[in-house]
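A note on names: the letters A, B, ... follow the listed sequences, proteins ahead of strands, and every chain is numbered from 1.
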There are 2 protein chains.
Amino acid sequence: MGNMKEKIKYVSIDLFFKKGYFATSVSDIARGSGIQKASMYYHYPSKEELLFSILKSTMDDVTAYLKNSISGIRNVEEQMRTAVQSHVRFHLDRQKENFIANSELRGLTQDHYRIIVKKRYEYERIFQNIIQKGGEQGIFVKDDVKILSYAILTLCTSGASWFKPTGRLTVDEIAAIYEKFIINGLKQGQVWSGAT
Amino acid sequence: MGNMKEKIKYVSIDLFFKKGYFATSVSDIARGSGIQKASMYYHYPSKEELLFSILKSTMDDVTAYLKNSISGIRNVEEQMRTAVQSHVRFHLDRQKENFIANSELRGLTQDHYRIIVKKRYEYERIFQNIIQKGGEQGIFVKDDVKILSYAILTLCTSGASWFKPTGRLTVDEIAAIYEKFIINGLKQGQVWSGAT
DNA sequence: GTCTATAATAAGATAGAC
DNA sequence: GTCTATCTTATTATAGAC
């Protein structure tokens with residue numbers, strides 16, 4: 001809390017999550033941070049740069065977290081299980097930022113938009129590679145890799161839109177359900193075995 | 001196009017989808033509709049009422065479409081297959097409205113918000129009932145019914161955020177992939193059979 | 001049913017004092 | 001590094017003519 005720049009970011013994440021980026025004014029952010037709105041411009045050159053700063057660090061962190069989680073795992077099914085766990089955990093632990101990173105891209109300038117979309121693309125590629133390998137090894141279905149990756153990612157990401165830390169289920173329980181559902185979905189079920 | 005009220009709605013759906021509700025001004029809507037912004041207020045009492053009108057008709061239509069699709073089907077697995085197909089098709093056919101219905105709820109007044117959320121709850125209940133029955137009959141996993149329903153719904157709904165009518169895959173192909181993935185996910189895979 | 005004109009307000013951002 | 005004061009512009013919405 002000693003760092004006002006961090007405090008502004010923290011307050012903004014909360015407000016952007018609750019009200020949305022466009023519905024949040026610089027006055028709102030300043031009020032939440034305990035400063036005047038002009039003071040915000042000392043720390044960030046504009047409201048859009050503040051949004052970009054949030055999205056950038058979120059994307060960098062989620063990718064680092066995923067890479068660290070799956071590093072050293074050779075078995076493809078185990079890679080996918082771990083990747084799903086990693087994705088779910090990060091998205092539930094840092095729920096607000098992730099929600100913003102998935103809903104407020106339209107608030108960015110074109111240049112900033114491109115940077116974030118590129119980062120997201122790299123993140124998705126990690127999942128697509130695992131699905132691809134699983135298909136080649138015959139342990140996963142051979143459906144369209146991109147569609148499957150979007151399906152898996154949005155499925156878990158959506159948790160960030162309804163999850164309540166004080167709710168009925170823990171992060172562990174939710175992660176377990178998703179992991180199971182996705183692995184079942186990716187593997188050949190009895191009904192489909194041999195018929196692709 | 002003879003009906004200006006409908007044209008305003010049509011134009012607004014397009015703009016809310018592309019720019020978002022808060023980032024779209026009444027001037028933008030008027031410009032797109034070929035009228036002056038004051039004229040919009042003859043058709044809708046406010047910008048918020050216009051948003052509400054869009055969300056209300058979307059929710060009513062999607063529920064009617066689903067109910068009609070699954071009516072008469074007794075087999076639970078077949079019900080889920082049909083429900084998934086129905087959900088995917090409606091969301092891809094009326095992509096923009098559905099995207100708005102899932103992302104712009106914060107633009108509503110409290111009263112309108114409650115009405116829409118209640119409609120969405122009723123829609124989700126239909127899926128939850130099918131999952132529940134499938135669990136009781138032993139053909140689906142017995143995991144948390146709500147979580148599974150959210151997973152299934154957001155998975156398909158997310159299609160509305162990346163689908164391009166001119167893209168690589170047709171609605172039929174996407175629906176088939178999702179149906180397969182979800183049924184596989186809901187059924188006991190080899191790995192999990194007997195271990196719940 | 002659509003127009004012009006305008007009210008009332010709030011927005012993002014800057015200047016310059018301290 | 002934070003303040004007060006202010007500029008400029010855009011916003012939602014209304015009044016009243018046609």
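- For the pair A/K67 (side chain) and A/V62 (backbone), a donor-acceptor distance under 3.5 Å is absent.
- For the side-chain hydrogen bond (donor to acceptor under 3.5 Å, both in side chains) condition, no pair includes a residue of residues 32-43 of chain A, sequence neighbours left out.
- Applying the ring-ring contact (aromatic ring centres under 6.0 Å, His included) test to pairs two or more places apart or on separate chains, none has a residue in residues 163-182 of chain A.
- Protein chain B touches strand DNA chain D; the 5'-most and 3'-most nucleotides with an atom under 4.0 angstrom of its non-hydrogen atoms are D/dT11 to D/dA15.
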Output one letter per nucleotide in nucleotides 7-13 of chain C: B when a protein non-hydrogen atom lies under 4.0 Å from the base, S when only the sugar-phosphate is that close, - when neither is.
----SBB
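- Salt-bridge formation is not detected for the pair A/K9/A/E6: no Lys NZ or Arg NE/NH1/NH2 atom is positioned less than 4.0 Å from an Asp or Glu carboxylate oxygen.
- The residues B/E179 and B/R89 are annotated as not salt-bridged, no charged nitrogen and carboxylate oxygen being separated by less than 4.0 angstrom.
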Please list every donor-acceptor pair under 3.5 Å in which a side-chain atom of residues 118-128 of chain A meets a protein atom from a residue at least two apart or in another chain.
from   : atom 1 : to     : atom 2 : distance (Å)
A/K119 : NZ     : A/D60  : OD1    : 2.9
A/Y123 : OH     : A/H87  : ND1    : 2.7
A/Q128 : NE2    : A/S149 : OG     : 3.1

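- Annotation: ring-ring contact (aromatic ring centres under 6.0 Å, His included) contacts involving residues 47-81 of chain A, sequence neighbours excluded, comprise A/F52-A/H112, A/Y65-A/F90.
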